[in-house]
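Here the structure comes first, spelled out in structure tokens, and everything after it is commentary.
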Amino acid sequence: MPPITADIAIIGAGVSGLASAYYLAKAGLDVVVVDKGLAGGEASGRNGGMIGERTDDPPVIPIAVESINLWKTLEQELGYPTEFTHQGRIQVAVTEEEMNDLFTERDVASRQGITMELIDPEHVQDLIPGISPRVLGGAFFPNGGHANPQRSVQAFAWAFQDLGGRLYQNTAVTGFKLGNGRVAAVETTAGDIAADMVISAAGPQTAILAEMVGVHVPVAPARVEILATAPIEPLFDIALVGNGLYGRQAVRGNLLFGGGPHEWADVDLTSDPNKTNTPLIINIGRRLAEILPAVADVPMLRTWAGIVEQAPDYIPIIDFLPDPSNYLVVTASAHGFGICPATGKAVSELILNGESSIDISAFTLSRFSDIKSDWRQQRGWVPAA
Amino acid sequence: MESRPLVVVGAGAAGTAAAIEAARAGAHVTLVDENPIPTSIVALNVPQLFGQRFSDELNDSQLMTDCVTASNQRLVEAEEAGVDIQLGTCVWGAFNNTETSRLLDGPQIGLSNYRRSWMVKFDRLIVATGTRDLSIGFSGWHLNGTIGANGVHSLITRYRALTARRMVIIGSGNLALNTAKMALDHGIDVPAIVEVSPTLQGDASLATDLQNRGTDIYTSHTISRAYGRDGEIESVTIVEIDDHARPITGTEKTITADTVCLAIGLTPNVELLSLLGCDLSFNADLGGHIPIHDDAMSTSIENVLVAGDAAGVHDAMALDPEIARNQGRIAGLTAAASLRTITDAEAESRISDIPTIPFAPSDTQNLRQKWFDSFANAGGHNIYVCPCEEVTRADIVGIHPPRYLEWRSNQMDGRSLQTQLQDNPVNPNQIKRLTRAGTGTCQGRHCREQVALLLAEESKTDVSQIPLSTYRPPVRPLPLSVLWPEDESEEIRNQWPKWFHPPGKVLG
């Protein structure tokens, strides 16, 4: 079959890939997105929907700040709902150790110019009615919130299509045609895609794809779990982090909370990875009931799991490979959902202008130039035998 | 963690027979059954469509335990055979290692007595979880008083707590006729049985008995609407239909009734089998997605067996529990032989004495489709598919965002199931995420099959090709405080990581 031609070929219809596709198409480029499954079928549609400036990974703060600016008008821009809620994010401490962490985070926030307020337990109660009396205090970040991942990723997909973008779902990448230090074509189950530029936004598959063009990109996939309760009356609209969990009350009223131990996994390029739930879900449920005793008698309705990828330092990679030189790696180390609008903007600027107005200087590949190829084994970031 | 050699889930005909047979063959058997189920769960229409037609006696757990025990004479036999019987104990989850989950110490199930929960490892598991009511919504079915055949059976035979007074029955197969007989025997009026096809589906002599007791049977009819004030059904209108399942004007008839019983089919309960990774296949003659199993009732997962209606259900099973019972006996013997409490030869010899009862497949799928079409033809497309989340057929066809978002845009107006189908093959999980159909408190029990029928119709695909929407634990809507793991390990308690940080600090 004749090759599909485009300016840009994007591998992966998650939030990073589709946000990039949207902003590139908006700038007038002809973009094709391929995905082995459905748009947002993996972690992009399965995460907790948290949005905010996270002090635990300071290099991510600039892109997070720009993202929140974009989130504010995103649904009007795209024409589809995202359920973005901009009421802030709160991190609560239930131990003295966690209280000390909040003081440390206050210092980080202050250095980074982020608004954050340390608040006493009474004030936490005002913001999150029914929270445990064990809470010793909280860090309130007014510039934060949450959105519905499934709706948001679908919104990007549809808006991209509305601009004439082509989205090939259930289409797996099988190889690359290389020549003169460039990717000439991406080989897929729908045929070859010949494009000037290739963006790998393939999440857990990032490393396997890069391996196929001879480059080691250090990211490791892991499976994480999350739960949803039955809907209840509106209790709080702030994103909540505490007692080892993160989560929110969805607009519909369900409480969605995840966290806890993850399990390193391996994936491949074609199959739907098994996103299994384990008995861990009741440990998550217990922690939710501990931190929000007021909801202890609400039924757990369902759970799910997702596969995220992590770089060794837990921060994103947005960088071109040295060779092939028209291959851009975009991988978010599980920050992807919250920062997706600015990721898309940064990627489009990088391609159109050669540089981005957003500070992504920490997201280089070269920071891993000394990493050993067996880093996953050395760190234990591999699946159990 | 507790460990048990053989756990049988479900003390219906199949599960009880399996437990007795395996115990007599020397196996140490644990038989768990979720009944009696607390009112709080029954009120959510879980696991059957109970339609809020139950009395306050349901709150008396001792009385309910006595009723449940009395309703199953064979439990005495099971007890005598040494079976450890745990009533009022549901299985809310089943867990097994997969490619991405490798740290479990063997396959295990999560149980609960509705006050607390615990995990149990098993060497062998027999899943005899029966069926749930097949729900296909008609106009007004979201009102209190729409009940399923299993809901009626359960509330009459297990709980003696059915409060329906006058019941119109939808369907005329043996399931429906048997339900009508049971209702009449318990003093409930059954003014009408409504059948969408031109012919009676079930046993003719049973139908004649019902007619002699005053029940009218309306073939080539459907229900156009249930009416009521204060959320309770007070009457239903039925209408004659033509060959294309379209209502014939002027043939409407309104019948006073407080209850409408959907007795148009049953769906095998395969949640636990699906969670354990058993291969399933679609078989219209046997109720939908069923576990692939061999003649010895073993599934594709080595230590998991299936028996009774959960393995596949057909209408003859409604009248003859011997069919399910025989499957249970076979599963019990197979499990015992695999646990080496009897020899394979002995098991084979005993199995060969169990008669196999042949069944004639009926045209189940066409009939389901006809009901589905007739309800919309007579009642419109604003029928709820998912009453929990108030999602209608029209909402799914238009892939409307939920109403509470109050979202309108030209872009959204341009999207529909049809535009979605241009992009990718129909996928019920995606439809669930976009419309919320299936995310309610009944955990998708009463909309799964309708969504599949609707997607099949809209995509002009055979319903067998519609993928099964994913099952996830917990498969019962239990409170966080009930699922709460009391025996949480020190490791989980004290080494719980904060997201992926700090580096390297990871459990497992």
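Here is the naming used below: chain letters follow the sequence lines, and residue numbers restart at 1 for every chain.
- The greatest number of non-hydrogen atom pairs below 4.5 Å with chain B, out of A/R287, A/Q76, A/M300, is found for A/R287.
- Between A/W158 and A/Y80, the ring-plane angle classifies as tilted under the 30° and 60° cut-offs.
- Only the backbone of B/N96 comes within contact range of chain A, with at least one heavy atom under 4.5 Å from a heavy atom of that chain.
- Both the backbone and the side chain of A/L301 come within contact range of chain B, with heavy atoms under 4.5 Å apart.
- The choice from A/V267, A/D162, A/N243 that makes the most heavy-atom pairs within less than 4.5 Å of chain B is A/D162.
- Of the two parts of A/A265, only the side chain, counted from C-beta on, holds a non-hydrogen atom closer than 4.5 Å to a non-hydrogen atom of chain B.
- To the nearest 0.5 Å, atom CD1 of residue A/I226 and atom CD1 of residue A/I284 are 8.0 Å apart.
- For a residue to count as touching a neighbouring chain, one of its non-hydrogen atoms must lie under 4.5 Å from one of that chain's; by this rule A/R252 touches chain B with backbone and side chain alike.
- At a 4.5 Å heavy-atom cutoff, the contact between A/V308 and chain B is made by side-chain atoms alone.
- Contacts between B/I399 and chain A at a heavy-atom distance below 4.5 Å involve the side chain alone, from C-beta outward.
- Using bins of under 30°, 30° to 60° and over 60° for the plane-to-plane angle, the ring pair B/H142/B/Y384 lands in the perpendicular bin.
- Atom CD1 in A/I232 sits 11.5 Å away from atom CG in A/D297 (nearest 0.5 Å).
- Residue with the most contacts toward chain A among B/Q108, B/R476, B/R436: B/R436 (heavy-atom pairs, distance under 4.5 Å).
- Note: A/P279 leads A/G285, A/P383, A/P279 in heavy-atom pairs under 4.5 Å with chain B.
- Taking 4.5 Å as the limit, some side-chain heavy atom of A/I291 sits within range of a side-chain heavy atom of A/V94.
- The contact between A/I307 and chain B is made entirely by side chain atoms (from C-beta outward), counting heavy-atom distances below 4.5 Å.
- Neither the backbone nor the side chain of B/T470 comes within less than 4.5 Å of any heavy atom in chain A.
- Contact of A/R223 with chain B is made through the side chain alone, with heavy-atom distances under 4.5 Å.
- A distance of 8.5 Å separates CG in B/L275 from CG in A/N277, rounded to the nearest 0.5 Å.
- With a threshold of 4.5 angstrom between heavy atoms, A/L38 approaches chain B through side-chain atoms but not through N, CA, C or O.
- Contact count against chain A (heavy-atom pairs under 4.5 Å) is highest for B/P402 among B/G93, B/P402, B/G110.
- Heavy atoms of B/L405 lying under 4.5 Å from chain A belong exclusively to its side chain.
- Of the atoms belonging to A/R46, it is side-chain heavy atoms, and not backbone ones, that fall under 4.5 Å from chain B.
- Residues A/E290 and B/W484 meet the side-chain proximity criterion, which asks for heavy atoms closer than 4.5 Å.
- Residue A/D101 touches chain B through its side chain alone, counting heavy-atom pairs closer than 4.5 Å.
- No side-chain donor-acceptor contact under 3.5 Å links A/T229 to the backbone of A/N254.
- Using a 4.5 Å cut-off between heavy atoms, A/V241 makes no contact with chain B at all.
- Of the two parts of B/L104, only the side chain, counted from C-beta on, holds a non-hydrogen atom closer than 4.5 Å to a non-hydrogen atom of chain A.
- Among the candidates A/T278, A/L167, A/N283, the residue making the largest number of heavy-atom pairs closer than 4.5 Å to chain B is A/N283.
- Side-chain contact between B/S416 and B/Q422: absent, with no pair of heavy atoms (C-beta onward) separated by less than 4.5 Å.
- Interface remark: of the candidates B/T439, B/N427, B/V482, B/N410, B/T439 forms the most heavy-atom pairs closer than 4.5 Å to chain A.
- At a 4.5 Å heavy-atom cutoff, A/A155 makes no contact with chain B through either its backbone or its side chain.
- Here A/D56 contributes atom CG and A/H335 contributes atom NE2; the two are 6.5 Å apart, rounded to the nearest 0.5 Å.
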Checking A/E42 against A/K36 for the salt bridge (Lys or Arg N to Asp or Glu O under 4.0 Å) test, could you report, in this order, the C-alpha distance in whole Å, the side-chain angles of both residues, the deciding distance, and whether it holds?
CA-CA 10 Å; A/E42 299 291 348; A/K36 65 167 182 52; 3.1 Å; yes
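- Looking only at side-chain heavy atoms (C-beta outward), B/S117 and B/L111 stay at 4.5 Å or farther from each other.
- Side-chain polar atoms of B/N429 and B/S469 form a donor-acceptor pair below 3.5 angstrom.
- Here B/S40 contributes atom OG and B/Y114 contributes atom OH; the two are 9.5 Å apart, rounded to the nearest 0.5 Å.
- Checked against a 6.0 Å centroid threshold, the rings of B/Y471 and B/W92 do not count as neighbours.
- Residue B/M412 touches chain A through both its backbone and its side chain, counting heavy-atom pairs closer than 4.5 Å.
- Ranked by heavy-atom pairs under 4.5 Å with chain B, the first of A/A228, A/A334, A/P81 is A/P81.
- Heavy-atom distances place the side chain of B/Q420, and not its backbone, under 4.5 Å from chain A.
- Looking at B/C442, there are no atoms closer than 4.5 Å to chain A (heavy atoms on both sides), in backbone or side chain.
- The residue among A/P293, A/G244, A/P273 with the most heavy atom pairs within less than 4.5 Å of chain B is A/G244.
- Taking the charged nitrogens against the carboxylate oxygens, A/R166 and B/D423 have no contact shorter than 4.0 Å, which rules out a salt bridge.
- For the atom pair CZ of B/F50 and CG of B/L44, the computed distance is 10.5 Å after rounding to the nearest 0.5 Å.
- Only the side chain of B/R415 comes within contact range of chain A, judged by heavy atoms closer than 4.5 Å.
- Only the side chain of A/E83 comes within contact range of chain B, with heavy atoms under 4.5 Å apart.
- With B/E271 as the fixed residue, the salt bridge (Lys or Arg N to Asp or Glu O under 4.0 Å) test singles out one of B/R472, B/R448, B/R445, B/R132: B/R445.
- Heavy-atom distances place the backbone of A/V298, and not its side chain, under 4.5 Å from chain B.
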